[in-house]
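Quick caveat, the model's predicted, so the values are computed rather than measured.
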Amino acid sequence: MARRFTDANGLLNDLLDRFEAGAASPIAHPYYAAFASVVAADAFLKQIREAEATGAVSVGWGRGVKRDQVAHVRLASAEILYRYLDRTPASRIAQDAAARLAAGSALRDSLKNSASQIAEVWGRGKTWHGFASSDVEMLRDAFVLAQAILDNKHLDVDYKTFSRRTVGHSKTLERIEGAVVRLLSCILEFPPGARPREALRAIGLERFAPPLLVAGKIDLEGADLSRICPHYLGITPKEADRVRFREPPAYILTIENFASFNRHIAEADPGRLGTTMYVGGYPSLATQQALRMIAGSVSEQTPIFHWSDIDPDGTWIFHTIERAIGRPIRPHLMSVEIAERSGQVPSKISAPARCSPESGIARLAAYLAEDGAKTLEQEELDPVLPELR
């Protein structure tokens with residue numbers, strides 16, 4: 001659709017906007033039907049002819065009875081039009097902004113490359129994930145935070161303290177965490193479906209580690225719980241080294257969903273044959289370390305299972321736990337057969353985990369990468385004991 005204007009400055013700036021976006025010789029048109037008066041139309045024409053006289057634009061005239069009307073205005077020289085409007089080219093603004101992004105910071109080459117790519121986007125008059133070149137100071141904080149994470153300065157520090165120590169304000173990371181994750185995603189591996197807060201949790205950055213919920217015949221070092229028989233025990237992940245098994249569990253099962261966790265220990269294993277743990281979605285780094293410690297305290301013959309949704313996110317959570325534990329684990333109620341029998345084809349498709357053929361979730365991940373694959377939330381399934389063969 002033709003671009004039509006009653007404001008000459010708006011028309012001329014629009015030509016430069018489209019030139020910066022990649023159009024070689026953009027054209028715009030007057031909107032004669034919308035002029036407020038003949039005086040307004042004459043003022044419009046006067047300014048367009050002034051711009052034409054400088055060589056910035058060329059004017060196309062109408063024919064017949066409209067031969068005295070401007071039919072269109074075409075950009076002739078962007079350089080001259082910038083001077084006429086006293087406007088700084090977006091490319092120059094972008095170069096200055098990009099230099100400020102990295103100034104005074106020791107950034108990895110990959111982050112420097114990201115700064116260059118952002119400058120290219122800004123140079124076309126576009127925004128980078130909502131950040132314009134005028135937001136350079138805010139985005140600079142994102143670069144500083146990303147580099148601090150790569151330097152492992154986020155470990156063993158809560159979310160707001162890390163933000164305050166790194167960029168001087170406790171709420172900065174909360175405001176720009178999406179940009180931080182985007183900068184890190186070209187360096188670190190994040191699940192495609194994870195929200196920024198979940199992605200940062202997975203590498204050890206969180207407000208405070210959520211409790212690890214454990215159900216089974218367990219005690220804590222220095223505390224005999226056999227007389228209490230709690231439904232389940234909540235501990236901080238750093239206390240995982242205090243967990244003691246009263247007797248070897250028949251299995252270990254980690255569960256993503258809180259409702260499924262409660263139903264499993266109440267309905268499928270009220271006698272606590274195994275040890276069941278709630279991991280709460282994408283497990284934080286502290287939770288991953290706790291799972292590794294608890295799994296290391298049982299024999300290699302004790303089977304370890306994980307139960308998540310049958311979807312790409314579920315395969316990423318499974319693969320994250322598998323890597324954290326460092327030994328083979330098996331999917332529980334996560335199979336191609338269950339998906340085909342009870343699932344539905346989702347409206348939105350995302351990528352499943354990238355894992356080796358030896359991974360316990362490899363078959364399901366390969367299935368979910370196919371067209372027409374079905375997904376299923378784990379709450380749709382009734383809990384059962386894992387197959388211990």
Side-chain angles (χ1 to χ4, degrees), residues 191 193-195 197-198 201-202 206 208-220 225 228-240 242-246 249-295 297-298 302-311 313-322 324-325 329-335 338-339 342-343 360-361 364 375-388:
R195 293 184 291 271
R197 187 69 53 84
E198 294 172 332
R201 280 183 60 199
E206 53 195 337
F208 289 99
L212 180 66
L213 305 184
V214 188
K217 295 179 180 178
I218 60 171
D219 297 313
L220 289 181
L225 305 180
I228 303 174
C229 296
H231 197 57
Y232 55 78
L233 181 68
I235 61 173
T236 63
K238 289 186 177 181
E239 289 188 297
R242 295 183 59 201
V243 172
R244 299 290 183 268
F245 294 102
R246 207 171 301 136
Y251 64 88
I252 289 179
L253 171 64
T254 60
I255 298 180
E256 171 194 348
N257 180 272
F258 187 56
S260 296
F261 167 75
N262 276 283
R263 286 195 64 195
H264 179 86
I265 60 180
E267 300 173 27
D269 193 6
R272 303 297 186 267
L273 294 174
T275 296
T276 306
M277 292 180 284
Y278 169 63
V279 297
Y282 288 99
S284 68
L285 185 61
T287 298
Q288 294 175 45
Q289 293 168 341
L291 295 178
R292 182 185 305 119
M293 185 169 296
I294 292 175
S297 66
V298 299
T302 303
I304 300 177
F305 300 86
H306 175 72
W307 182 17
S308 271
D309 294 337
I310 300 177
D311 64 10
D313 282 348
T315 65
W316 278 96
I317 294 170
F318 183 103
H319 191 44
T320 298
I321 294 174
E322 186 176 48
I325 288 178
I329 67 174
R330 307 181 203 171
H332 176 59
L333 296 178
M334 299 176 68
S335 69
I338 293 175
S342 305
I361 206 66
L364 183 61
T375 62
L376 180 69
E377 294 185 358
Q378 64 186 114
E379 299 99 312
E380 298 295 324
L381 298 174
D382 292 327
V384 296
L385 285 173
E387 295 185 6
L388 301 182

Give the minimum heavy-atom separation between D269 and G274, together with the two atoms involved.
OD2-N, 2.9 Å
Quick one: does R330's side chain get under 4.5 Å of P303's, heavy atoms only?
yes
Does the H332 side chain pair with the main chain of W307, one donor and one acceptor, at a distance under 3.5 Å?
no
Least distance between heavy atoms, P237 atom then A286 atom:
CB-O, 3.5 Å
Atom CG of L233 and atom OG1 of T275: how far apart are they, to the nearest 0.5 Å?
11.5 Å
For I265, is there any backbone N or O sitting under 3.5 Å from a side-chain donor or acceptor partner on R272?
yes
Check for a donor-acceptor pair, side chain of R292 on one end and backbone N or O of A324 on the other, with a separation under 3.5 Å.
yes
In this structure, CG of D311 is separated from OG1 of T375 (nearest 0.5 Å) by 6.0 Å
Does a side-chain N-to-carboxylate-O contact under 4.0 Å join R244 and D219?
no
Any donor and acceptor pair, going by atom type alone, linking the side chain of E380 with main-chain N or O of E377 inside 3.5 Å?
no
Pairwise distance CD1(I361) to CD1(I329) - rounded to 0.5 angstrom:
8.0 Å
Which pair of heavy atoms, one from P270 and one from A266, lies closest together, and at what distance?
CB-O, 3.8 Å
Taking atom CD1 of I218 and atom CZ of R242, what is their separation to the nearest 0.5 Å?
11.0 Å
Could you measure the distance from the CG atom of L364 to the OG1 atom of T315? Nearest 0.5 Å is fine.
6.5 Å
State, yes or no, whether a side-chain contact exists between E379 and D309 at a heavy-atom distance under 4.5 Å.
yes
Kindly determine whether F305 and L388 satisfy side-chain contact (heavy atoms from CB on, under 4.5 Å), including the steps that lead there.
CA-CA 10 Å; F305 300 86; L388 301 182; 4.1 Å; yes
Nearest heavy atoms of H264 and I255, plus distance in Å
CB-CD1, 3.9 Å
For the student: nearest non-hydrogen atoms of E256 and S308, plus distance:
OE1-OG, 2.8 Å
Side chain to side chain contact (heavy atoms under 4.5 Å, CB included) partner of M277, the single match among L213, I252, I321, V243:
I252
On a heavy-atom basis, the closest approach of A295 and I304 is CB-CD1, 3.7 Å
Could you walk me through whether L212 and E239 satisfy the side-chain contact (heavy atoms from CB on, under 4.5 Å) test, starting with their C-alpha distance in whole Å, then the side-chain angles of each, then the deciding distance to 0.1 Å, before giving a yes or no?
CA-CA 9 Å; L212 180 66; E239 289 188 297; over 6 Å; no
Tell me, do F261 and V279 make a side-chain contact under 4.5 Å, heavy atoms counted?
no
Is there side-chain contact between I317 and P283, with at least one heavy-atom pair below 4.5 Å?
yes
Distance (rounded to the nearest 0.5 Å) between K238 NZ and M293 CE
11.5 Å
For Y232 together with Y278, are the ring centres under 6.0 Å from each other?
no
Do P249 and V298 come within less than 4.5 Å of each other through their side chains, counting heavy atoms only?
yes
